[in-house]
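Here the structure comes first, spelled out in C-alpha cells, and everything after it is commentary.
The model shown is predicted, which means the values in this text are computed figures rather than measured ones. Proteins get letters first, then strands, A, B, ... in listed order; numbering begins at 1 in each.
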Amino acid sequence: MAMITADPKDVPQVASFAFTPEYLEKAKALIAQYPSGRQASAVIGVLDLAQRQQGWLPRVAMDAVAKLLDMAPIRVYEIATFYTMFQLKPKGKYLLQVCTTTPCWLRGSDGVMKACREAADGETFSVQEVECLGGCVNAPVVQINDDFYEDLDEVSMRKLLEAFRRGETPKPGPQIDRQTSAPIGGPTTLKGV
Amino acid sequence: MPKLKIDGVEIEVPAGITVLQACEMAGVEIPRFCYHERLSIAGNCRMCLVEQEKAPKPIASCAMPAAEGMVIKTDTPMVKKARNGVMEFLLINHPLDCPICDQGGECDLQDQAMAFGFDRSRYHENKRAVPDKELGPLVKTSMNRCIHCTRCIRFATEVAGVEELGATGRGESMEVTTYVEHALSSELSGNLVDLCPVGALTSKPYAFEARSWELSKTESVDVLDALGANIRVDTRGATVMRVLPRLNDDINEEWIGDKTRHAVDGLRYQRLDRPYVRKAGKLAPATWAEAFTAIASKLEGVDGKKIAAIVGDQCDAEAMVALKDLMAALGSPNVDCRQDGARLEAGVRAGYIFNPGIQGIDQADAILLIGTNPRLESPVLNARIRKRYLTGRCAIASIGSVADLTYPTERLGAGPATLRELADGKLGFSEKLKAAKNPLIIVGMGALSRDDGTAVLALARELAEKANAVREDWNGFAVLHTAAARVGGLDLGLVPGEGGRDVAGILEGAQAKEIEVVYLLAADEIDTQKLGKAFVVYQGHHGDAGAHRADVILPGAAYTEKPGTYVNTEGRVQLGRRANFPPGEAREDWAILRALSERLGKTLPYDTLDQVRSRLVAVSRSFAALDQQVAGNWGTFGKAGPTSDAAFASPITNYYMTCPISRASRTMAECMASRQQLLAAE
C-alpha cells in the first residue's frame with residue numbers, strides 16, 4: 001500500500017499569496033458574521049475564497065488565511081486536509097466530480113466516468129471520484145465546479161464536455177427532457193392542478 | 001455531590017468529574033489511551049467504554065460526566081467484548097514490531113493488549129504506512145505505530161503553548177504531524193515521549209540504548225534549574241541512561257524541561273575523575289594526598305582575609321555547609337554563593353524565596369513578571385503560568401525584555417523606572433494589582449543581578465506591600481531563581497561576613513593581589529580571567545571554566561552521584577538520592593571538604609552524612625522540614641537608592657546551555673543548533 005500523506009509533495013511551488021481586494025472584502029464580510037475574537041470560525045469560508053481565487057490551495061494560501069484569522073497555521077492545515085472539497089493540488093479549469101455511489105453506478109456512472117477520464121487533461125478538466133452527491137433521483141450525477149449536471153450517460157457527458165471545451169456554460173440540471181426531479185415524461189399525478 | 005453505583009458499590013463523588021474519574025475513586029481501573037488527567041478530554045480512543053444501566057450502548061467513561069443515580073458496570077461481558085473490539089480495531093494498523101520498539105516494556109498498548117487483545121489478527125489486508133515526521137533532536141517518530149490518541153497534539157497546544165502539532169487528513173489517511181516538517185519550538189517537547197501511550201514518539205537520544213526493565217530507578221530532584229523538579233534517574237551500571245519526571249503536584253506536576261531530561265549525557269563527558277595539581281603551568285594528574293598537600297602548603301601562613309570562596313549554582317547544601325564551616329575555621333569572611341551577583345540578602349527568608357509556592361500560581365489573579373523570562377529560566381513554571389492564563393481572569397504583565405512566553409503579557413516597560421511608576425500607582429496595571437485578591441509579583445535574576453539590584457529589590461518590596469500582596473493568608477512576593485543551590489546557600493548564610501567580599505569583590509581583590517587563594521566549589525559562571533594571579537582550588541565535577549583556571553583540582557560528584565539536600569526557589573527542602581557513583585577517584589563533595597579540613601588541621605566536626613545533616617538543621621531550621629515549603633518571615637530587605645535606566649534582561653539567553661553539565665551535553669548542543677536553525681528559518 002502506498003504511503004499515505006496529507007501533504008502532497010509533487011505540487012508546484014507558489015511563492016506568495018495575497019487576497020485580491022474583492023476577495024478580501026468578501027472574507028471580511030464572512031469574518032464579520034462572528035463575534036469579535038471568534039474570527040477563526042470563518043476559516044472554512046475564507047479557505048473557500050482563497051481556493052476560488054487561486055484555483056486550488058497552495059501552502060502559502062493556507063498560511064495567509066491563518067494570518068488573516070489570527071490562528072495557528074497547523075489549525076488551518078488540519079481543516080484544509082480534512083475536507084475533500086479543498087484542493088491541495090492544482091486542478092483544471094473544470095473539476096468533474098463524478099458520483100460513483102450505488103444509485104449512480106446502477107444508472108451507468110461507469111460510462112460517465114469513462115467519458116470524463118478520457119477528457120481529463122489536467123488543464124481544462126480534472127476528474128475526481130466522489131461519494132454520494134445527494135442527487136440520486138437524477139442519477140448519474142456529476143458536479144462540475146459549483147453546478148450539478150444530472151441524468152447523464154456517456155454520450156450526453158461527452159456532449160457536455162465538448163460544450164465546456166468550446167467555452168460555453170451548458171445549463172445545469174437534468175440533461176434529458178425532464179423538469180428538475182419530476183417524473184420523466186411529465187407529471188403522472190395531480191395532472192389537473 | 002452525585003451518588004452513583006459502580007460495580008454494585010455505591011459511591012459519592014465530587015460534582016463535575018467524569019465517570020472514569022469516579023471509577024478510579026471506587027478503585028476500578030479503566031483502560032484508556034487518549035484520556036489524560038492534565039489534558040482536555042478527547043474521547044476518541046474508545047478504550048474506556050463501560051456499561052451504563054438504561055443506556056442503549058456502552059459509554060465512553062472519560063467523556064461522560066458522573067451524574068446522580070448512574071449505575072455503572074465495568075466488569076460485564078458486554079464491556080469486555082466492547083473493549084476487545086476496540087483493541088482489535090486499534091491493532092489493525094499497528095505494526096507488530098514490539099521487539100524493536102523502544103516503548104516495549106512500558107507501553108500502554110502492549111499492556112492493555114495483554115488484557116483485551118486477541119491472539120491473532122482477522123485482517124489480511126496490508127497495514128497502512130505513514131511517513132515518519134521530523135520533530136527535532138529529542139523526539140523520534142515512528143508514525144506507523146500511532147493510534148491517534150492526540151495526546152501529543154493536546155499537550156503541545158494546551159500545556160506547552162506551541163500550536164504546531166495537528167492531525168491532518170481524515171479517516172485512514174489521518175496523520176499526526178507538524179505539516180511543515182520542523183522541530184518543535186518548545187522547551188517541554190520531551191514530555192511528548194512520556195505522554196505517547198505507544199511507541200510512535202520515543203526519545204531520540206535514548207533510542208535503542210536500553211530496555212526499561214534493565215534500569216535501576218532512583219528517585220531524586222533536578223538541579224539544572226531552580227524549580228527542583230522531581231525526577232527519576234534511570235541508570236544501568238554506572239551510567240545514567242535517562243531522566244524521567246516524577247509526579248509532584250506542588251512543583252512540576254508531571255512535566256520536566258528538555259534540559260532536565262536530556263542534559264544527562266553531559267554527565268559522561270568532560271568529567272574530572274582524579275585530582276590535578278598545576279606544575280610548571282600545566283595541570284598534572286596527582287593523588288588526593290598530593291593535591292591536599294599543595295593546598296595546605298599554599299594556605300600556610302596566609303591570612304584568612306586573603307582567602308575567598310565562591311559557591312556554584314548546583315551545589316548540595318551538605319557541601320555548602322562544610323565549605324562555610326571550613327572558611328570560618330580559616331578565618332575568612334569572603335564567601336559568596338551568588339555567582340551572578342544577585343543582590344539578595346541572606347537575612348529575611350521571605351525576601352529571597354518564591355513565597356506563594358509554585359502552586360500559588362494557580363490562585364493568583366494578577367501576575368507581574370519583573371526582569372524574568374520564565375520560559376527559559378524554568379519552562380515548567382512557565383507552563384504553570386500558562387495554565388493559570390488558560391483558566392482565565394488573570395491579568396499578566398511584564399517589565400523587561402520578554403519574548404514569546406506562550407501566553408500574552410501586557411508590556412509595561414523596560415526597566416526600574418517603570419517599576420517606580422507602578423509602585424507609585426501611576427500605571428493602569430497598578431490598579432489591577434491592587435484590585436486583585438491574590439496578586440503575584442515574580443522577580444527574576446534579570447532585575448536583581450545588576451548594580452542597582454538592591455534598589456530594585458526594595459522597589460519590588462514596596463510594590464508588593466502597596467499592592468497588598470503580603471498578607472497573613474497570602475504572600476505574593478516571589479523570587480524566581482536560576483540557580484538550584486541559591487536558596488540553600490542563602491538559607492545557610494553563604495554570603496560575605498563582617499567586612500567580607502562578595503563575588504565582584506573577590507575578583508577585584510584577586511586582581512589587586514589582596515586575595516591570594518580562591519576556593520571554587522563547582523563555580524564556573526564567573527569570569528575566570530579576573531582571578532588574576534590568585535591560587536585557585538577548583539572542586540567540582542566537570543572540566544569547565546573553573547577547572548581550566550585552577551591550580552588544584554579536586555574531583556567532586558555531580559547531582560546524580562551523591563545524596564544531597566537541595567532547596568528549590570520556593571524554599572522547599574528536597575533530598576536528591578545517589579543513582580550512580582562518581583567516576584574514578586571523584587568523591588562526594590562534603591567528604592572532600594571534611595578530608596581537606598583534617599589535612600589543614602581544622603577538622604570539621606562531622607564524619608557521617610547524618611552528622612552533616614544535623615549541622616544543616618543547626619545552621620538553619622528550615623532544613624528540618626523535608627518536602628515542605630517553610631514560610632519565610634516578612635521583613636525589610638533591599639535598600640532604596642538610585643536606579644539605572646538599563647532594561648531588565650533575563651540572564652538566560654540560551655536555555656540549552658546554562659551549566660557545566662548542559663555545556664558538556666551533546667544532546668543539548670544539537671538542541672541549540674536545531675533551535676538556531678528554526679529561528680533562522682523564521
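The local environment of CD in A:Glu123 is sparse, with at most 12 non-hydrogen atoms from other residues, nucleotides or ligands closer than 6.0 Å. In this structure, A:Arg166 places its CZ atom where more than 12 heavy-atom neighbours from other residues, nucleotides or ligands lie under 6.0 Å away. In B:Arg388, the CZ atom is crowded: over 12 heavy atoms of neighbouring residues, nucleotides or ligands sit closer than 6.0 Å. The local environment of CD in B:Gln677 is sparse, with at most 12 non-hydrogen atoms from other residues, nucleotides or ligands closer than 6.0 Å. More than 12 heavy atoms of other residues, nucleotides or ligands lie within 6.0 Å of CG in B:Leu679, so this atom counts as buried by the packing criterion.
Smallest separation of non-hydrogen atoms from B:Tyr179 and A:Met62: OH-CE, 3.8 Å. Nearest heavy atoms, A:Ala72 versus B:Glu163: CB-CB, 3.4 Å.
The part of B:Thr178 that comes within reach of chain A is its backbone (N, CA, C, O), which places non-hydrogen atoms under 4.5 angstrom from that chain.
One finds the CD1 atom of B:Ile153 at 7.5 Å from the CD1 atom of A:Ile74 (value rounded to the nearest 0.5 Å). Here CD of B:Glu175 is found 12.0 Å from CD of A:Glu78. Values are rounded to the nearest 0.5 Å. Note that CE of B:Met174 is 9.5 Å distant from CZ of A:Phe82, once rounded to the nearest 0.5 Å.
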